[in-house]
Amino acid sequence: MMEGNGRYMGRIKNKQFDNLSLSFREIWNFDKRLIFLLIANVFVSALRPFPNIILAGRIVDCIMEGKVFLQVVCYVAMMYGMDYSLTAVATYLTKAREYLFNRIINKLDNDVNKKCMNMDLEKFNDSSVQERILMVNQAVRGKNFFTSLTIFFDTISQMITLAGIVGVMTILNVWLLAIALIVIVLQAVLHYIRLRHDRKYTQDSIEDSRRVSYASQLAKDISNKKDIVTFGMSSYILKKVELFQQAMLAVEKRKIKEGGFIEMATYSLSVAFQILAYLLIGQKAFYGEISIGEFTMGIASLINFMSASSFVTTNIISFQDNFFYIRQYKSFLKLRTKFDQVPETVTLEEADRNHIEIEFRNVWFRYPNSTTYVLKNINLTIKNMERLGIVGYNGAGKTSFTLLLMRMYDPTEGAIFLNGIDIRKIDYKEYQKIISSVNQDFSLLAFSLLENIAISEEVIPEEREKITELFNENGLGERVKKMYRGLDTPVTKKLFASGVDLSGGESQKVAVVRALYKNAPLLILDEPTSALDPAAEHEIFQKFAEMSEGKTTVLVSHRIYSTRFCDSIAVFDKGEIVEYGSFEELMERKGLYYEFFEKQAEYFKDTL
């Protein structure tokens with residue numbers, strides 16, 4: 001049994017050493033100055049209490065013994081001079097650490113942002129991943145490599161201080177040493193219980209915290225304002241916020257109640273030790289075994305001992321707790337996503353990006369954590385430069401089809417091929433280069449119009465002209481000219497008060513321009529005119545044939561007449577392709593497509 005415990009303790013020590021070594025490497029690689037600042041702080045912090053502990057007693061004895069007042073002045077000058085010097089150095093070291101700490105927070109935050117941005121939709125949309133991101137943010141904002149090393153070095157500093165104080169107190173009364181050791185052990189146990197308790201409640205409340213954050217943000221996000229006012233959602237949303245808050249408060253109540261008992265136990269231990277110390281040192285002073293100055297020194301030592309011992313025991317346990325969050329951070333960065341998968345040496349050149357033929361072969365698909373298939377046995381070939389229309393009722397699987405084509409998700413069964421090559425064997429980022437899309441849930445950045453199109457701050461004059469021409473072709477030329485900074489005008493007022501708020505139709509046209517500017521060989525249009533008025537929609541659809549010239553194009557639309565320019569049309573119903581053919585063939589068949597056409601005919605007959 002003892003041997004088993006020994007192996008267990010050995011594993012813990014090795015793990016702690018590995019964690020400490022990891023922190024050293026990370027900080028050394030980031031900025032070597034941090035290590036030297038931490039080491040310097042060890043000695044300065046360790047020395048700071050002693051001028052007051054030692055010289056305060058000397059001053060009292062000088063006064064009591066009636067010695068030359070100049071000697072008292074010298075001791076006072078020495079005490080405050082040393083304290084001032086050490087404080088000045090400590091302040092400089094602290095401020096330097098704060099600045100570098102902010103830099104490392106930015107670095108860690110950027111690492112997490114990069115991981116999130118390079119995470120595919122399937123992984124990112126997983127609720128467990130969203131909860132892990134909240135957990136990782138705690139490592140970014142506080143419990144990270146730098147704070148671990150800070151705890152380590154500060155603990156060493158306080159242990160040096162503690163050793164000196166215990167030495168002073170032992171001289172005054174040897175029993176204080178035994179009592180001090182017992183207090184340190186009991187404090188460590190209580191701090192360990194408290195940290196385990198706090199971590200447990202942090203994990204228990206992470207889901208409630210995410211819900212509160214989401215519901216609260218609904219009330220603050222301007223993009224929700226119109227719907228909230230129109231549909232009278234205010235009371236409902238506030239009720240939801242309160243409901244989620246109550247669930248979180250229930251957890252917090254248990255945390256506070258149990259934490260209170262632990263804090264009172266720690267405080268009771270501290271009071272008991274101080275009473276014993278006062279009695280033991282006071283007894284010696286009362287019977288004249290030590291001077292009043294030595295009694296004063298003992299009391300100063302006692303105060304500093306309680307502070308240093310509590311600091312050391314807290315930090316030893318916090319050191320281990322810190323690494324829990326560091327491991328969360330490191331494991332999050334190691335999450336495997338489609339971006340990280342190494343393809344089987346298939347490049348876009350080998351796949352021939354200039355010839356785009358897509359084949360869905362026996363594709364079945366259901367969303368993660370769902371048992372219902374939204375696509376069933378899809379077999380379809382999109383030929384090079386073919387324009388394919390996708391129509392069907394809501395929920396028929398149209399958007400799911402495009403998500404698989406864009407590889408936002410992978411098929412549950414079956415495979416999708418690009419020129420005969422399984423797209424899962426092609427580098428994910430490389431595959432995205434052949435795709436340009438306009439989605440019904442598109443998003444614009446709160447930066448300039450130019451940046452929204454070029455995805456860059458620096459654009460050469462020739463490219464600016466090209467972007468201007470695309471805006472002209474898509475009916476936004478005059479609108480852009482009237483903007484106070486033209487292409488450099490910010491979109492929305494979220495970041496810049498001088499930004500412009502675009503209408504839904506204008507925003508959608510910007511999304512169309514962005515897709516056209518990318519000029520990828522595979523163009524995917526998922527309800528690309530849902531925010532446009534009929535006239536603008538008709539104008540855009542007239543241009544789609546021109547836009548898709550020389551491209552393999554997939555158009556998803558509820559507007560049946562919009563698919564007339566397509567070479568082939570696939571009709572989806574309940575996750576299956578129930579009809580396929582040209583416009584003329586489907587009309588002759590008089591099936592579901594014909595039914596759609598007839599129902600919508602009165603709305604678009606004037607545009608035919």
Side-chain angles (χ1 to χ4, degrees), residues 114-126 129 334-368 374-375 378-388 390 397-443 453-456 511-512 514-526 528 547-548 550-556 570:
K114 182 178 179 181
K115 186 65 180 181
C116 291
M117 295 297 286
N118 287 332
M119 192 176 292
D120 59 271
L121 179 64
E122 181 175 355
K123 179 73 72 175
F124 192 69
N125 201 34
D126 192 320
V129 171
K334 291 178 180 178
L335 272 178
R336 300 291 295 173
T337 71
K338 294 186 179 76
F339 283 93
D340 304 312
Q341 292 173 3
V342 179
E344 297 181 12
T345 67
V346 179
T347 65
L348 268 184
E349 286 71 24
E350 291 176 274
D352 187 6
R353 62 171 290 158
N354 296 317
H355 179 93
I356 302 297
E357 183 169 292
I358 304 289
E359 180 188 2
F360 279 66
R361 190 182 300 172
N362 304 321
V363 170
W364 293 68
F365 175 65
R366 62 170 180 253
Y367 286 97
V374 293
L375 291 176
I378 302 298
N379 288 278
L380 177 67
T381 298
I382 310 170
K383 298 176 181 177
N384 183 46
M385 298 187 189
E386 180 182 19
R387 290 173 292 203
L388 172 69
I390 304 288
K398 304 185 300 298
T399 295
S400 298
F401 177 86
T402 63
L403 288 174
L404 293 184
L405 178 56
M406 297 170 69
R407 216 186 158 205
M408 297 297 154
Y409 292 87
D410 285 330
T412 308
E413 299 174 30
I416 303 170
F417 296 87
L418 169 62
N419 299 337
I421 300 170
D422 190 330
I423 62 174
R424 288 171 291 197
K425 296 181 180 179
I426 302 172
D427 181 83
Y428 191 72
K429 289 184 179 179
E430 287 295 303
Y431 181 73
Q432 296 302 318
K433 289 179 181 179
I434 70 168
I435 300 172
S436 191
S437 67
V438 181
N439 304 306
Q440 54 184 320
D441 55 350
F442 66 91
S443 60
I453 305 304
I455 320 300
S456 174
V512 170
R514 179 167 59 190
L516 294 175
Y517 178 75
K518 184 177 180 182
N519 196 29
L522 177 57
L523 181 62
I524 299 173
L525 307 167
D526 186 1
M547 294 176 190
S548 60
K551 302 178 186 297
T552 304
T553 305
V554 176
L555 168 66
V556 177

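Any value given below was found using the heavy atoms of this structure, including those in side chains, with hydrogens, waters and symmetry copies removed.
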Checklist outcome for this item: Nearest heavy-atom contact between Y428 and R407 is OH-O, 2.7 Å
Checklist entry - Just wondering, do I358 and L418 contact through their side chains at under 4.5 Å, heavy atoms? => result yes
Item to check | Approximate separation, where rounding is to 0.5 Å, of L375 CG and T412 OG1 | outcome: 8.5 Å
Checklist entry - Going from OG1 on T402 to CD1 on I435, what distance comes out if it is rounded to the nearest 0.5 angstrom? => result 10.0 Å
Checklist outcome for this item: The reported gap from CD in E359 to CD1 in I421 (rounded to nearest 0.5 angstrom) is 12.5 Å
Next on the checklist: Before you tell me yes or no, could you show the steps for V129 and M119 under side chain to side chain contact (heavy atoms under 4.5 Å, CB included), namely the whole-Å CA-CA distance, both residues' side-chain angles and the distance that decides it to 0.1 Å?
Outcome noted: CA-CA 10 Å; V129 171; M119 192 176 292; 3.8 Å; yes
Item to check | Heavy-atom side-chain proximity of E386 to E357 below 4.5 angstrom | outcome: no
Next on the checklist: Would you compute the distance between atom CG of L555 and atom NZ of K398 and round it to the nearest 0.5 angstrom?
Outcome noted: 11.5 Å
Checklist entry - Quick one: side chain to side chain donor-acceptor pair (under 3.5 Å) partners of E413, sequence neighbours excluded? => result Y373
Checklist entry - Roughly how far, to the nearest 0.5 Å, is the CG atom of L404 from the CD1 atom of I416? => result 5.0 Å
Item to check | Y409 and S400: CA distance, side-chain angles, deciding distance, side chain to side chain donor-acceptor pair (under 3.5 Å) verdict | outcome: CA-CA 9 Å; Y409 292 87; S400 298; over 6 Å; no
Checklist entry - Looking at residues at least two apart in the chain, or sitting in another chain, which of them share a ring-ring contact (aromatic ring centres under 6.0 Å, His included) with F360? => result F401
Item to check | Side chains of L380 and L388 in contact at under 4.5 Å (non-hydrogen atoms) | outcome: yes
Item to check | Under 3.5 Å: donor-acceptor pair, side chain of S436, backbone of A520 | outcome: no
Next on the checklist: Using side-chain heavy atoms (C-beta onward) and a distance below 4.5 Å, is L522 in contact with I382?
Outcome noted: no
Checklist entry - Below 4.5 Å, heavy atoms only, C-beta onward: do R514 and I455 meet side chain to side chain? => result yes
Next on the checklist: Rounded to the nearest 0.5 Å, what separates atom CG in L403 from atom CG in N439?
Outcome noted: 8.0 Å
Item to check | Close side-chain approach of K115 and L335, heavy atoms under 4.5 Å | outcome: yes
Next on the checklist: Please enumerate all residues that pass side chain to side chain contact (heavy atoms under 4.5 Å, CB included) together with N519, with sequence neighbours excluded.
Outcome noted: K551
